[in-house]
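Below: one structure, written as structure tokens.
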Amino acid sequence: MDRALQASRSSFAERHIAEASARRRRQLVAVALFALVAACLPLFVTDVYTLNVVILTLMYLALSTGWNILGGYCGQISLGHAIYFGIGAYGTVLLYMMAGVVPWIGLLVSAALAAGLALALGYFCFRLAGHYYTIATIVIAEAALLLVLNWDWTGAALGLQLPFGPDSWATLQFGRTKVPYFYFVLALSLLAWLTAWIIEGARWGYWWRAVKDDAEAAGSLGVNIFYSKMGASAISAFFTAVGGAFYALFTSYIDPNSVFGFRISLLIALPAVLGGIGTLWGPAIGAVLLIPLGEVTRSYIGGSGSGADLVTYGALVVMVSLLRPEGLVSLLHLRKRTRGARP
Amino acid sequence: MSEPLLQVRSIFRNFGALRANDDVSLDVQVGEIVGLIGPNGAGKSTFFNIIAGALAPTRGQILFEGRDVTALVPANRCRLGIARTFQVVRSFDSMSVIDNIVVGSLLRNHDARTARHMACEVLEFVELEARADTPAGDLTSPEKRRLELARALATRPKLLLLDEVMAGLTPTEALRGIALVKRIRETGVAIIMVEHVMEIVMPLVDRIVVLDLGKIIASGSAAEITTDPLVVAAYLGDSIRA
Ligand SMILES: Nc1ncnc2c1ncn2[C@@H]1O[C@H](COP(=O)(O)OP(=O)(O)OP(=O)(O)O)[C@@H](O)[C@H]1O
Ligand SMILES: [Mg+2]
């Protein structure tokens, strides 16, 4: 009798764990399929403009996935991620131009710098609650923008132009074709997604989500709230900076407003918010819908100065938050939810 | 006698002019179940928060297994073996029931897979396994109470602080709750439980402590407490009159 009970007990755990790992494996399979399809895109997309849009979409997908690690899982809403993006961009370019450091190393160094800055800022800002944290991130990023605008050694408002070199994977410079950039940013998106996937199944992921839902209850279960926020912040900043470095190499010209501006902070956060904050697929879904739409509006309605794309983003976000506050990804779970719901 | 598991020494806690805890001392032995009762606003939850580390005492000292923990944050006290539930239920609503418990069991298992295994066992212990994959936000409130208990148990505590876990339960649910607390007691965990309903506390506890206006006014067996004139006046009198 006792042994039978024991057997039935462990069988529940075994069954549950098997199901949970199967679910996680399916996610891996799904992403592998997406990646495969995406990898074939350059065969069909030969038009430069369209390829450009695809590359930007993947870039924001990676960025938003990185933002989601802090904002989605850990619940710390930053609207100042442009500071990390800018450090990645300026760091990589400056290291290359001033010290001849190859961009591969430069982007890692700048990303590490950004992560370090995130820790330093977090040390002060994570004592602030909720909205105050968000406001602080905006203010700090704006301050950084003003600083860079006035620094002569970074080219001030004029910005920096990467010196032209021969096409090469070593310097990550490609003048003739954009296809290598496509594969670089595809790899970056996959890396960001994989990091989020690993976090979801690991100790930190559980702790961060607990901190987001109820920090005091998390603390009562032994979760170190402060370290959780710091860890999430550093990882998030790291990916953001790599994205910034990519952007600088891709456009080969940067200026303070285009990499440190509030617009970038918004574009990093919006796909996650739209697609589903704190979910694995949300940022990807959001980016795939939002970025092409924004680019199209921008090119049909007006130049980048008019802000037509931002109006479109705003309208979309308002619509989604009214109709599906959990984000678009919740549409996928509709069937499961209604089945599980109580009468 | 061996050293007490918990020693609370002369705790004071003021909220402005209000003395929510006024020179409260209490020892709890390993595996002992203490019932803490008292009228509304007596300072019971304040006392719990001070033991768990959520509130700092204005004055006084807390020793756990002989070690001074007064300066430790709640997370570190949990690490040492103090777990708690909240009077107002707190669940991680965006996470599934099982994931809620994994948050607790990860404290003792660094590997998420073993933590999940342990969480499953705790889930069965509180008889919630049918709800494993439900979002915690969708649970009924008695279920949420049991989830909170499971989460606390998953941290493998030596001392469990239960703040009105039976409040708002129907008589049948309360019976289930009592059975559950009995099962927890059998595992050797010491418990301090706050309850308003005397019938629930009495059969479960080794000792009852009565708090009124921030002070301990009586302490003893259930029989001693119910006949203590001070207690009758302060607490039981209310319910008899009501
Ligand atoms: N954070 C606070 N700030 C100010 N006063 C507080 C605070 N917390 C509790 N109090 C006051 O301290 C007193 C004790 O409160 P406490 O919650 O500890 O009582 P309790 O015994 O748990 O009551 P109940 O049975 O209603 O849960 C009450 O008068 C309460 O109003
Ligand atoms: Mg209380």
Side-chain angles (χ1 to χ4, degrees), chain A residues 5-6 8-21 23-24 72-75 198-228 276-279 325-327 330 333 336-343, chain B residues 49 52-54 73-80 82-86 89-96 98-121 123-125 129 131-140 148 151-152 154-155 157 161:
Chain A
L5 200 73
Q6 202 70 46
S8 85
R9 286 214 160 156
S10 63
S11 87
F12 165 72
E14 237 93 88
R15 203 172 56 232
H16 175 84
I17 286 171
E19 270 170 29
S21 358
R23 208 174 309 143
R24 277 178 60 74
Y73 293 126
C74 204
I198 290 169
I199 286 170
E200 274 206 354
R203 203 176 201 212
W204 278 9
Y206 289 97
W207 281 358
W208 296 353
R209 278 181 290 158
V211 166
K212 170 190 172 183
D213 278 2
D214 189 327
E216 193 182 346
S220 81
L221 296 170
V223 177
N224 190 317
I225 302 162
F226 186 64
Y227 287 170
S228 292
I277 199 166
T279 64
E326 314 89 34
S330 64
H333 301 310
K336 219 188 306 172
R337 274 279 185 146
T338 40
R339 210 195 303 141
R342 275 187 317 280
Chain B
N49 283 328
V73 296
N76 290 338
R77 294 195 201 190
C78 184
R79 237 162 268 248
L80 294 178
I82 303 179
R84 57 131 3 138
T85 67
F86 293 88
V89 200
R90 289 161 172 256
S91 46
F92 305 127
D93 285 346
S94 76
M95 301 167 75
S96 69
I98 187 77
D99 287 358
N100 266 259
I101 305 176
V102 172
V103 174
S105 64
L106 274 167
L107 183 66
R108 309 285 178 216
N109 307 278
H110 286 237
D111 171 48
R113 200 183 164 88
T114 32
R116 188 166 276 273
H117 207 283
M118 182 173 158
C120 285
E121 284 166 11
L123 195 64
E124 286 182 303
F125 187 81
E129 65 269 28
R131 309 292 260 153
D133 293 314
T134 312
D138 291 356
L139 293 183
T140 64
E148 219 186 4
R151 226 171 42 186
T155 66
L161 308 170

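Predicted model only: the values in this text are computed from it and were never measured. So that the names make sense, note that chain A is the first sequence line, chain B the second, and so on, each numbered from 1. The basis for the numbers below is simple: all heavy atoms, side chains too, and nothing from hydrogens, waters or symmetry mates.
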Side chain, backbone, both or neither: which part of [X] has a heavy atom under 4.5 Å from chain A?
X        : result
B:Asn76  : neither
B:Arg113 : both
B:Ala52  : neither
B:Leu80  : neither

Heavy-atom proximity to chain B below 4.5 Å, by part of A:Glu216: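 Looking at A:Glu216, backbone and side chain both touch chain B.
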Proximity breakdown for A:Ala218 and chain B, heavy-atom pairs closer than 4.5 Å: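 For A:Ala218, the contact with chain B is made by backbone and side chain together.
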Shortest non-hydrogen contact from B:Leu123 toward B:Ala132: CD2-CB, 3.6 Å
Considering all heavy atoms, the nearest B:Ser105-B:Ala115 contact: OG-O, 2.8 Å
Check: A:Asp213 side chain, B:Asp93 main-chain N or O, donor-acceptor pair, under 3.5 Å: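 Such a contact is found between A:Asp213 side chain and B:Asp93 backbone.
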Donor-acceptor pair, side chain of A:Trp208 and main chain of A:Ser228, under 3.5 angstrom: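 A pair under 3.5 Å: yes.
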Would you mind telling me which of [options] has the largest number of heavy-atom pairs within less than 4.5 Å of chain A?
options                              : result
B:Asn109, B:Ile82, B:Leu106          : B:Leu106
B:Asn100, B:Thr155, B:Val103         : B:Val103
B:Val73, B:Asp111, B:Ile98           : B:Ile98
B:Arg151, B:Glu129, B:Arg90, B:Arg77 : B:Arg90
B:Met95, B:Arg84, B:Arg79            : B:Met95
B:Ala112, B:Ala136, B:Ser94          : B:Ser94

Interface residue of largest heavy-atom contact number with chain B, from A:Ser21, A:Gly205, A:Ala210, under 4.5 Å: A:Ala210
Side chain proximity check, B:Leu107 to B:Cys78, heavy atoms < 4.5 angstrom: yes
Contact check, side chains of B:Phe92 and A:Leu221, non-hydrogen atoms, under 4.5 Å: yes
Test log, rule side chain to side chain contact (heavy atoms under 4.5 Å, CB included), inputs B:Leu139 and B:Ser91: CA-CA 10 Å; B:Leu139 293 183; B:Ser91 46; over 6 Å; no
CA sep, side-chain torsions, deciding dist, call: A:His16, B:Arg116, side chain to side chain contact (heavy atoms under 4.5 Å, CB included): CA-CA 9 Å; A:His16 175 84; B:Arg116 188 166 276 273; 2.7 Å; yes
Spacing of OG1 belonging to B:Thr140 relative to CZ belonging to B:Arg131, to within rounding of 0.5 Å: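 Taking OG1 in B:Thr140 and CZ in B:Arg131, the distance rounds to 7.0 Å.
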